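See structure below.
In this text, all values refer to a predicted model and were calculated from it rather than measured experimentally.
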Amino acid sequence: MVAINLEGKILNLEQDRFELLESISRTSSISSASLQMGISYRTALNWLKDIERRAGGKPVQSFRGGRYKGMTHLTELGRKLLEAYYSAQSIRRPGFVKSFIELRLSARNILTG
């Protein structure tokens, strides 16, 4: 469990819920995010419902069909949850943000100054 402070309210969520939100923000798809995490689509939907119930709002917004065959984006609440998670993790584990960014970038794009 990770405790985060969301606008003065302490919220306890499992780390995998935050990883799901982060994966959805990268892939713009719940199904792609669930495949990357190695969980079923149904499990991903259940985790999103759990986040919605605990946080009091929808963390993602889905759009069906159209040119891009559907997309899912984080809502403002979803972005705030991820920011609070990154902030909490960077306090608990120094170097977390740097290592997290390094995972997302290729080696040639990492500059130390």
Side-chain angles (χ1 to χ4, degrees):
M1 286 279 215
V2 178
I4 61 167
N5 185 352
L6 185 65
E7 298 173 351
K9 178 182 172 186
I10 301 298
L11 187 65
N12 291 310
L13 287 173
E14 291 79 4
Q15 185 169 346
D16 50 17
R17 282 15 177 214
F18 294 109
E19 291 171 2
L20 176 63
L21 289 177
E22 197 278 323
S23 187
I24 289 171
S25 74
R26 265 189 288 110
T27 63
S28 297
S29 167
I30 297 172
S31 61
S32 295
S34 62
L35 282 174
Q36 281 185 353
M37 293 185 66
I39 60 173
S40 70
Y41 182 79
R42 174 58 52 198
T43 298
L45 289 180
N46 288 337
W47 287 0
L48 290 171
K49 286 179 185 178
D50 181 48
I51 294 169
E52 181 179 345
R53 182 180 54 79
R54 291 185 191 187
K58 291 188 177 274
V60 296
Q61 175 69 43
S62 295
F63 303 95
R64 296 180 61 183
R67 181 173 157 191
Y68 302 106
K69 297 185 175 71
M71 298 177 90
T72 300
H73 296 288
L74 294 183
T75 61
E76 184 66 28
L77 174 64
R79 285 189 294 274
K80 286 181 182 179
L81 286 168
L82 269 184
E83 288 173 11
Y85 169 68
Y86 295 150
S87 177
Q89 288 298 89
S90 67
I91 292 169
R92 286 183 37 205
R93 293 179 16 205
F96 170 78
V97 174
K98 182 180 180 205
S99 64
F100 178 78
I101 291 170
E102 287 173 351
L103 286 174
R104 303 298 181 256
L105 297 174
S106 67
R108 66 178 177 203
N109 290 330
I110 298 171
L111 301 174
T112 57

For the residue pair [X] and [Y], establish whether any side-chain heavy-atom pair is separated by less than 4.5 Å.
X   : Y   : answer
L48 : D50 : no
T72 : S62 : yes
N12 : I4  : no
Y86 : E22 : yes

Quick one: closest heavy-atom pair of [X] and [Y], and the distance?
X   : Y   : result
L81 : P59 : CD1-CB, 4.4 Å
A33 : I24 : CB-CG1, 3.6 Å
L82 : S25 : CD1-OG, 4.3 Å
A44 : I30 : CB-CG2, 3.9 Å

Candidates R42, Q36, M37 - the one meeting side-chain contact (heavy atoms from CB on, under 4.5 Å) with I39:
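Passing option: M37.
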Following the transitive rule for hydrophobic clusters with a side-chain heavy-atom cut-off under 4.5 Å over Ile, Leu, Val, Met, Phe, Trp and Tyr, establish whether L21 and F63 coincide in one cluster.
no
Membership question, hydrophobic clusters at under 4.5 Å side-chain separation (ILVMFWY): are I51 and V2 in the same one?
yes
Residues [X] and [Y] bridged, charged N to O under 4.0 Å:
X   : Y   : answer
K58 : E76 : no
E14 : R17 : yes
K80 : E83 : no

Test log, rule side chain to side chain contact (heavy atoms under 4.5 Å, CB included), inputs R54 and L11:
CA-CA 7 Å; R54 291 185 191 187; L11 187 65; 3.8 Å; yes
Would you say CZ of R53 has more than 12 non-hydrogen atoms from neighbouring residues, nucleotides or ligands within 6.0 angstrom?
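Enclosed.
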Filter on ring pair (Phe, Tyr, Trp, His ring centres under 6.0 Å), then keep only pairs touching residues 15-45, sequence neighbours left out; what's left?
F18-Y85
Non-neighbouring partners of S31 that pass side chain to side chain donor-acceptor pair (under 3.5 Å), sequence neighbours left out
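Side chain to side chain donor-acceptor pair (under 3.5 Å) check on S31 returns S29.
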